[in-house]
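The block underneath contains the structure these notes are about, expressed in structure tokens.
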Amino acid sequence: MSYADKHIVETYSMLFDGLNSLSKIELIEKLTKSLKREKRIERDTFFESFGAFSDEKSAEEIILNLKSSRKFRNQEIKL
């Protein structure tokens, strides 16, 4: 945990001191839900990174399309 993270946690914990027990329990529930949601998003993103590029075009057509879309310009560099 970085120094900034520790400072943020400490600042929020001072705010929580003024809350009643029911509010603290509700806060814990919301934090727990956010942690579960975060884990699910990371896992989904990981599994979505697998797979092949899908297109109706053949590999040769895609390569030709990429090469033809390149634009070069000749510009003299003055020193």
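The structure displayed is predicted, hence computed values, not measured ones.
- Heavy atoms only, all atoms of each residue included: Leu19 and Ser23 are closest at CB-CB, 4.0 Å.
- Judged by distance alone, with hydrogens and angles left aside, the side-chain atoms of Thr11 form a donor-acceptor pair with the main-chain N or O of His7 at under 3.5 Å.
- Note that CG of Leu64 and OG of Ser69 are 11.0 Å apart. Values are rounded to the nearest 0.5 Å.
- Here the straight-line distance linking atom CD of Glu26 with atom CG of Asn20 works out to 9.5 Å at 0.5 Å rounding.
- Here the shortest heavy-atom pairing between Lys24 and Asp17 reads NZ-O, 4.3 Å.
- The distance from the CG atom of Leu35 to the NZ atom of Lys30 is 14.5 Å, given to the nearest 0.5 Å.
- Expressed to the nearest 0.5 Å, how far CG of Leu22 lies from CG of Leu27 amounts to 11.5 Å.
- The cluster map of Ile, Leu, Val, Met, Phe, Trp and Tyr, joined by side-chain heavy atoms under 4.5 Å apart, puts Ile28 and Leu15 in different clusters.
- Cluster membership check: Leu31 shares its hydrophobic cluster with Phe16, using side-chain heavy-atom separations under 4.5 Å among Ile, Leu, Val, Met, Phe, Trp and Tyr.
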Subject >> Steps toward side chain to side chain contact (heavy atoms under 4.5 Å, CB included) verdict (Tyr12, Glu10) >> reply: CA-CA 6 Å; Tyr12 275 111; Glu10 186 64 31; over 6 Å; no
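- Counting heavy atoms from C-beta on, the side chains of Lys67 and Arg70 come closer than 4.5 Å.
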